[in-house]
A.B. asks: 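Encoded as structure tokens, here's the structure I'll be asking about.
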Amino acid sequence: MSHRSDTRAAGTDAHAAGTHAADTHAIVLLTAGQIRDRAGDGLAALLVDAVDGGASVGFLAPLEAAEAAAWWRAVADESERGDREVWACAGHDGRLSGVITLVRPSLPNQRHRAEISKLLVHRDARGRGLGRRLLAAAERAAADEGRTLLVLDTETGSAAEGLYRRAGWTRGGTIPGYALDPAGVPRPTTYYYKPLDPGAAGAGARPMAPADA
């Protein structure tokens with residue numbers, strides 16, 4: 001796997017009680033068109049903020065907004081093909097505070113599983129439980145479509161590891177020097193997995209209405 005999940009991108013959100021401020025945000029499923037529309041706006045800002053904050057999410061610092069937007073436009077293409085889904089956390093004003101993606105493998109012997117990638121919560125919105133809510137939305141959606149296993153990888157020792165463990169994820173193992181951090185320093189990566197019970201699937205996130213986009 002090379003998509004990378006969050007590291008410090010979830011930050012102190014992993015320790016949040018997550019009830020008061022999180023209630024003012026909705027978890028919404030973005031269409032491919034909405035991803036393109038927000039690529040140069042809220043989505044790019046989330047990715048740039050994560051890299052600026054030291055998160056190992058596939059990019060080196062400094063990450064230019066144009067490069068971040070181009071990556072999200074490529075994600076929109078993946079969404080259109082059905083290869084990836086994107087959920088965002090939006091406030092009443094439509095501003096995006098967090099995002100998570102679910103990547104579907106294309107090979108026939110991998111279609112029972114999916115990968116969590118790019119769990120990002122803006123530093124201004126941490127401590128509200130948004131990371132946990134985004135993760136739960138992606139897990140429910142994967143179970144809804146019959147997936148029985150989820151996987152992800154994250155920088156070893158990151159705050160996000162606590163979030164995953166509390167959400168029932170199991171540590172699979174660590175690879176030294178697997179990915180560079182934003183400063184270009186090799187860091188270890190830890191893999192996690194979580195079995196799913198499709199029979200226990202519930203309602204997932206609501207689609208984003210045109211007025212929300």
A.B. asks: Can you see which heavy atom on Val103 is nearest to which on Ser117, and at what distance?
C.D. replies: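 The answer is CG2-CB, 4.1 Å.
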A.B. asks: Any chance you could lay out the side-chain contact (heavy atoms from CB on, under 4.5 Å) test for Leu102 and Ile116, step after step, and finish with the verdict?
C.D. replies: CA-CA 5 Å; Leu102 182 73; Ile116 296 292; 3.9 Å; yes
A.B. asks: Which heavy atom of Leu30 sits nearest a heavy atom of Gln34, and at what distance?
C.D. replies: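 Heavy-atom minimum between the residues: CA-OE1, 3.5 Å.
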A.B. asks: Using every non-hydrogen atom in the two residues, find where Pro188 and Thr174 come nearest and quote the distance to one decimal.
C.D. replies: CB-CG2, 3.9 Å
A.B. asks: Within the side chain of Lys194, is there an N or O that forms a donor-acceptor pair under 3.5 Å with the backbone of Ala167?
C.D. replies: yes
A.B. asks: Taking all atoms of both residues into account, what is the closest heavy-atom pair of Ala39 and Arg73, and its distance?
C.D. replies: CB-CG, 3.8 Å
A.B. asks: So among Thr156, Asp153, Thr154, which one has a side-chain hydrogen bond (donor to acceptor under 3.5 Å, both in side chains) with Thr190?
C.D. replies: Thr156
A.B. asks: Show me the pairs that pass salt bridge (Lys or Arg N to Asp or Glu O under 4.0 Å) and involve residues 85-112, at least two apart or across chains.
C.D. replies: Glu85-Arg104, Arg95-Asp124, Arg104-Glu145
A.B. asks: List for me each residue that meets side-chain hydrogen bond (donor to acceptor under 3.5 Å, both in side chains) alongside Thr170, sequence neighbours excluded, and say none if there are none.
C.D. replies: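 Partners of Thr170 under the side-chain hydrogen bond (donor to acceptor under 3.5 Å, both in side chains) test: none.
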A.B. asks: Do you know which two heavy atoms are closest between Glu67 and Phe59, and how far apart they sit?
C.D. replies: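 Residues Glu67 and Phe59, closest heavy atoms: OE2-CD2, 3.7 Å.
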A.B. asks: Partners of Gln110 by side-chain hydrogen bond (donor to acceptor under 3.5 Å, both in side chains), sequence neighbours excluded?
C.D. replies: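 Gln110 satisfies side-chain hydrogen bond (donor to acceptor under 3.5 Å, both in side chains) with Arg113 only.
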A.B. asks: Between SG of Cys89 and CZ of Arg128, what distance do you get to the nearest 0.5 Å?
C.D. replies: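 If we round to the nearest 0.5 Å, Cys89:SG and Arg128:CZ are 9.0 Å apart.
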A.B. asks: Grab the two heavy atoms, one from Thr31 and one from Ser79, that are nearest each other, plus how far apart they are.
C.D. replies: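 That would be C-OG, 4.4 Å.
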A.B. asks: side-chain contact (heavy atoms from CB on, under 4.5 Å) with Thr148: which residues, sequence neighbours excluded?
C.D. replies: His112, Pro198
A.B. asks: Show your reasoning for whether side-chain contact (heavy atoms from CB on, under 4.5 Å) applies to Ile175 and Tyr191.
C.D. replies: CA-CA 8 Å; Ile175 302 175; Tyr191 283 81; 3.6 Å; yes
A.B. asks: For Arg133 and Trp87, what are the C-alpha separation, side-chain angles and deciding distance, and is it a side-chain contact (heavy atoms from CB on, under 4.5 Å)?
C.D. replies: CA-CA 10 Å; Arg133 294 179 62 213; Trp87 290 266; over 6 Å; no
A.B. asks: What's the verdict on side-chain contact (heavy atoms from CB on, under 4.5 Å) for Tyr192 and Glu161, showing C-alpha distance, side-chain angles and the deciding distance?
C.D. replies: CA-CA 9 Å; Tyr192 282 85; Glu161 285 200 82; 2.4 Å; yes
A.B. asks: Rounded to the nearest 0.5 Å, what's the gap from CD1 on Ile100 to CG on Leu130? Could you check?
C.D. replies: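 Output value for this atom pair is 12.0 Å.
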A.B. asks: Using the test side-chain contact (heavy atoms from CB on, under 4.5 Å), find all partners of Arg36 that sit at least two apart in sequence or belong to another chain.
C.D. replies: Ala32, Ala76, Asp77, Glu80
A.B. asks: Return a table of donor-acceptor pairs under 3.5 angstrom between the side chains of residues 42-54 and protein atoms on other chains or two or more places apart.
C.D. replies:
residue, atom, partner, partner atom, Å
Asp49, OD1, Arg123, NE, 2.8
Asp49, OD1, Arg123, NH2, 3.0
Asp49, OD2, Arg123, N, 3.0

A.B. asks: Sort out for me which residue in Arg84, Lys118, Glu78, Glu115 forms a side-chain hydrogen bond (donor to acceptor under 3.5 Å, both in side chains) with Thr101.
C.D. replies: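 Of all the options given, the one that passes is Arg84.
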A.B. asks: Starting at CG of Leu196, measure out to CZ of Arg140 and round the result to the nearest 0.5 Å.
C.D. replies: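 Spacing of CG (Leu196) from CZ (Arg140) equals 12.0 Å.
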A.B. asks: Leu60 versus Pro182: any side-chain heavy-atom pair under 4.5 Å?
C.D. replies: no
